[in-house]
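Below you'll find the structure, written out as C-alpha cells, and then a few comments.
Predicted model, so just to flag it, every value in this text is computed and none were measured.
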Amino acid sequence: MKPPSPDTVPTDVYLSFVSSLFGNRKTLFTGVVVHILTYVVVFMSTRASIYLVLCLAFAAVFVLRIYSFRLFDAADKHNFTRADISSWETRYVIGAAATASILGIGSGYAILIVQDPLAEFICIAVTMASMVSIVGRNYGSQKAIDLQTLACCLPIIIACLMSEQLYKAIVSIMLVPFGLTTRAMANGVREFLYKNVIASREISLIADRFDTALNNMTHGLFMLDAHNRILVVNRKACELLNFSHQEQLKDCEFDVVLRYGARHAFIDGSLPGLIQRQMAQLVSGTLSRTLIQFNEDQFLEFSASRRADGVVILIFEDVTVRIRAERKILHMVRYDPLTGLPNREYFVELVKEKLAARSGETQVGILVLDVDDFKHVNDTKGHVTGDRLLVAIGERLKELAGTTVLPARLVGDQFVLFFPNESNESDIDSRVRALHAAMTGTYDVDDNSFRISFSGGYVTMSSREFRPEEWQIKADLALFDAKLRLKGSCSAFEQEMDARYVERQKLKDDLREAVEAGNLLAMYQPMFTPDGSRIDCCEALARWTHPEKGSIPPNIFVQIAEEMGIVGGITRFMINQACRDCVSWPGQVAVSVNLSAQDLRSNDIVDIVAEALDASGLEPSRLHLEVTESCLMDEMATVRSILADLRAKGITIAIDDFGTGFSSLSYLDSLPVDVVKIDRSFVRDITTDSRRFKLLCGIVDLSRALSLHIVIEGVETPEQLALIVENNLADIIQGYVFSMPVPREQVVGTVDSLARRQSGLRHDHVA
C-alpha cells in the first residue's frame, strides 16, 4: 500500500507525520555534536580552515532548527490547516537539507581539494552514518528524505567524478542505488506507520463507537472470561448494581464484585443464597435467563450466553416497573377492587392450596353471607354509600376472620368464608354461627348508622370431600332456606335441601309451561262500601292449580315467577283475563290488577294494558292498577313516568299494602296516585290496641288531606268493621268480613243479590 501524497492524506495523519519530524530532539543534539567534533578533527589533521567555517555553519543551523522546534511546540495544532502543516514541513525540510548540505560539501571538499585519505574517510563515514539516521528521523516527509539524500550524495559524486580517478568515479556511482535504497526504506517505514495510523484511527473510532453504544445501552452488561473475571462492564450495569468506579471493576472476580461491591443493593453487603445460586447457574450455562429480586424495590432480569472460548456475556435490565404492573394486574384479577378481599376464583384456588398443604383429614366449613335489605341502602342513600358500607363490612369480616378463617367476596352483597379448621376442633358449627352472629350489628358510614343483619348458609364437610363445583350449590341452598325462614338467620346445609331444590326447579319448569300456556286462574275478592250495600271493585288474584301438587299458594308461585323473571307473563294474563271478565259485570263494578316491580321497569306495560282494553272493550275507568311501595323504590323517575302515562288513559292507580315499605309518605304528593290501600297489618288489633288504632287514623287523615280514595284491606271481624265505619276511616272495605275471593261468575251473583236486597229495603221503606 503506497501512502498517499500530503495533498490527499487525511489532515490528522498528515499532522502526525509532520509532528514526528519535530520529535526526538536528543538525536538532533547528538548529531550536531558529532558533526562539529568530526570537522574539528579534520581541521586539526589537514589545517583546512573551511572545516572551521562548516563547524560554525553546523552550530548556526542547529540553533535555528531548535528555535523552529520550540515554535512548533508552542503552536496550537488543533487549528492547523493543511497549509499551516505544509509550511511547518517546509521549515523542517530546509533545516534538515541545510545540515545534509554541510555534510555533503565537507565530504566533497575532502575528496576533491584536500585529498587526504584520513579526512576523506572521516567525512564520508560521518555523512553515510547520517544518511542512515535520515530514515529513522525523517520518514514522515518524503521531501526531507529526498533533499537530504541528494544533499549528502550529490557533492560526493561530483567530487569523485571531477577527481578523474576511475575507481572513485565507479564507487561514487554506487551512491545512487544507496540513496534510492534509503529513500525506499523511508517510504517503507512511512507506509507501515501510515497503515498503523489509519488502523489505529479506525480502531479508536470503532472503540469510541463501541464505548458510546455500550455505555448508552438501556441494559446492563458484563463480559466474563473463562475464569469468571470481568473483561467488560458498561455504565448501566454500574448504575443498576450501585457500583461507583466502573474502571476499577475490570479483571476483578465477578462473585467478589457482586458480594462486596453493591453495598446499597444487598443486605449486609452479601448476596442471599438464592441469588448466588441463580448467578452461578447463569454463568455455568445451566440457566439462560432468570429473574432476580435484589431487594423489595428492585427486580433485574438476566440473560446469559457462553462463547466457545469460555467467555460469558451477561445482559440484564431493570424490570421493576414491569413486575409491579404484572403484580398489580394479578392483584386486580385475584382480588375484589372494592373490598380488597379475594374474589371467587382466587378464593377457590386458596382453599385448594390450604387443603393440599395439610396431611390429615379434618372437618372444614364454608359460610356464605348475604346482606339483608342491602338494596334499600343503595336506593335511599345512593350507590356510593352502599359501596362504602360493603367496604366497612369487608373490614369487619377481615378483622373477625383473623388468620384462621379465609374471607372473600362472591358478588354484589354476598361474602364467603372458609374455615380450614387446621387444629381439627369439633365445634366448627358453633364457630361458624358465632362469626355469623358477630357480623350483625351497627355500621357507621358517611355520618350514617346502619343496623345490618346477614342471612347465612353454610356447609361442613370432610376436607377430602371438598369439591369446588359443589360447595356453593350447597351453601346457596342453605342460604335460601335461611331467607325463607327468617332474615338474619343462619342455616346449615341438609341433604333434604337437595330434594327441595330439585323439587323447586321442577316447579319452576311447570310454572313456566303454565304461564306460557295460560293455565292460570283468576279469582276476585270484592271490595264493598263500608255499609256493605254495594261492590265498588274486585281485586283480581292469580291462582295456579298444579296437575300433580294441586293448588300452589300465590306467595310461592309469584315469588318463583319473580325469581325467574316471568312475572310479566302472569301480569299480561291477569290484565287480559280481568278486562274480559269485568266487561261481563254490571257497569258500576271495576276490576283491580296488581303490577310487580318488574312490570314497571319499561313502558311495555303501557302497551299491554292498552291492548287488553282494546281487545275487551272495557272502559279504562273501570280498570284499577295496584303497585306496592317497594315498586316505587326502583328507578323512581321511570315508575312515575309509566304511572302518569297509564293514568292519562283514564286508569285508576292505587298504592297497595301502604305503610309496609320503605318509602316516605311524602311520595304520595308527587306520584300520580288515586287510591291508597292501607295494609291489613294496620287493622289487626285496632279494637284492643289504641296505639295501632291511632296510627291507622293518622294514615287516613294524611291520605284524606291529599284527596286520596281510601281502601282498608284485611277487615275480618264485625268489630273491626264497626270501629272503621263509626270513625269514617274508609271509603272501601276489602276483607273476609264481607267476602273471600270468588270466581268471576259469583261476582255477578253477588252484585245481583245486593241489588235485590237494596230494592227490597227501598220497597219496605216506601211501604
Side-chain angles (χ1 to χ4, degrees), residues 336 338-341 344 347 365-402 405-419 427-460 471-472 474-494 497 500 555 559 562-563 597 628-634 657 659-664 679 681:
D336 171 48
L338 182 63
T339 62
L341 293 171
R344 183 186 184 281
F347 171 77
I366 291 183
L367 167 66
V368 174
L369 296 176
D370 186 275
V371 184
D372 293 329
D373 299 321
F374 179 73
K375 185 176 181 299
H376 170 58
V377 178
N378 279 337
D379 292 338
T380 58
K381 300 298 181 180
H383 288 276
V384 173
T385 300
D387 287 346
R388 291 175 181 170
L389 174 60
L390 290 176
V391 172
I393 291 172
E395 291 299 322
R396 183 175 296 185
L397 205 61
K398 285 186 279 188
E399 180 182 350
L400 293 175
V405 179
L406 176 64
R409 184 185 180 194
L410 282 181
V411 65
D413 59 349
Q414 281 195 351
F415 298 84
V416 61
L417 298 102
F418 173 65
F419 294 77
D427 61 341
I428 187 169
D429 283 80
S430 60
R431 290 172 57 199
V432 171
R433 292 184 178 276
L435 192 145
H436 167 264
M439 285 298 296
T440 300
T442 302
Y443 292 81
D444 297 323
V445 179
D446 292 341
D447 299 327
N448 296 299
S449 185
F450 300 98
R451 178 69 181 177
I452 300 298
S453 64
F454 297 82
S455 295
Y458 72 95
V459 55
T460 59
W471 70 262
Q472 189 167 3
K474 294 180 177 180
D476 282 344
L477 289 174
L479 177 62
F480 181 74
D481 180 78
K483 288 182 175 181
L484 286 179
R485 291 193 294 109
L486 179 66
K487 284 184 178 180
S489 64
C490 185
S491 295
F493 171 78
E494 298 174 358
M497 293 179 181
R500 290 200 296 268
N555 62 321
Q559 182 187 25
E562 289 178 342
E563 291 177 10
T628 61
E629 287 186 277
S630 59
C631 296
L632 305 177
M633 300 301 296
D634 291 333
D657 300 335
T660 61
F662 297 106
S663 64
S664 168
D679 185 70
S681 62

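Under the rule for a side chain to side chain donor-acceptor pair (under 3.5 Å), Ser489 has no partner lying at least two apart in sequence or in another chain. In this view, Glu562 and Val558, Val567, Ser596, Gln598 satisfy the side-chain contact (heavy atoms from CB on, under 4.5 Å) rule, not counting sequence neighbours. With sequence neighbours left out, the salt bridge (charged side-chain N to carboxylate O under 4.0 Å, His left out) criterion links Arg433 to no other residue. Gln559 meets the side chain to side chain donor-acceptor pair (under 3.5 Å) test with no other residue; sequence neighbours excluded. In terms of the side chain to side chain donor-acceptor pair (under 3.5 Å) criterion, residue partners of Asp370 (sequence neighbours excluded) are, by chain and number, Gln414, Lys483. Qualifying salt bridge (charged side-chain N to carboxylate O under 4.0 Å, His left out) partners for Asp481, counting only residues two or more places apart in sequence or in other chains: Arg485, Arg500. Shown here are the ring-ring contact (aromatic ring centres under 6.0 Å, His included) partners of Phe419, two or more places apart in sequence or in another chain: there are none. By the side chain to side chain donor-acceptor pair (under 3.5 Å) test, Asp444 is found to be paired with Ser449, residues two or more places apart in sequence or in another chain being considered. With sequence neighbours left out, Tyr443 forms a side-chain contact (heavy atoms from CB on, under 4.5 Å) with Leu389, Ala392, Ile393, Arg396, Met439, Ile452, Phe454. With sequence neighbours left out, the salt bridge (charged side-chain N to carboxylate O under 4.0 Å, His left out) criterion links Asp413 to no other residue.
What you find for Ser455 and Leu479 is that their closest heavy atoms are O-CD1, 3.1 Å. The two residues Gly386 and Val377 have their closest heavy-atom pair at CA-CG1, 4.2 Å. Contact between Ala478 and Ala492 at its shortest, heavy atoms only, is CB-C, 3.9 Å. The nearest pair of heavy atoms linking Ala438 to Leu400 is CB-CD1, 3.7 Å. Contact detail for Pro407 and Leu341: the closest heavy-atom pair is CG-CD2, 3.9 Å. Heavy atoms only, all atoms of each residue included: Ala401 and Leu417 are closest at CB-CD2, 4.4 Å.
Side-chain atoms of Asp336 come within 3.5 Å of backbone N or O of Thr339 as a donor-acceptor pair. In this structure a side-chain-to-backbone donor-acceptor pair under 3.5 Å is missing from Ser453 to Asp372.
Applying the salt bridge (Lys or Arg N to Asp or Glu O under 4.0 Å) test to pairs two or more places apart or on separate chains, none has a residue in residues 447-460. Among residue pairs with one or both ends in residues 381-394, those qualifying as side chain to side chain donor-acceptor pair (under 3.5 Å) are Arg388-Asp446; sequence neighbours excluded.
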Problem set entry | Step-by-step ring-ring contact (aromatic ring centres under 6.0 Å, His included) determination, Trp471 to Phe347 | CA-CA 12 Å; Trp471 70 262; Phe347 171 77; 5.7 Å; yes

For this session: Using the side-chain contact (heavy atoms from CB on, under 4.5 Å) rule, take Leu367 and Phe418 through it: C-alpha gap first, then chi angles, then the decisive distance, then the call.
Result: CA-CA 7 Å; Leu367 167 66; Phe418 173 65; over 6 Å; no

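Interatomic distance, Leu338 CG to Arg409 CZ, rounded to the nearest 0.5 Å: 5.0 Å. Remark: Phe493 CZ to Thr460 OG1 distance equals 10.0 Å, nearest 0.5 Å.
Checked against Tyr458 for a side-chain contact (heavy atoms from CB on, under 4.5 Å), the options Val368, Leu435, Asp429, Val416 give a single hit: Asp429.
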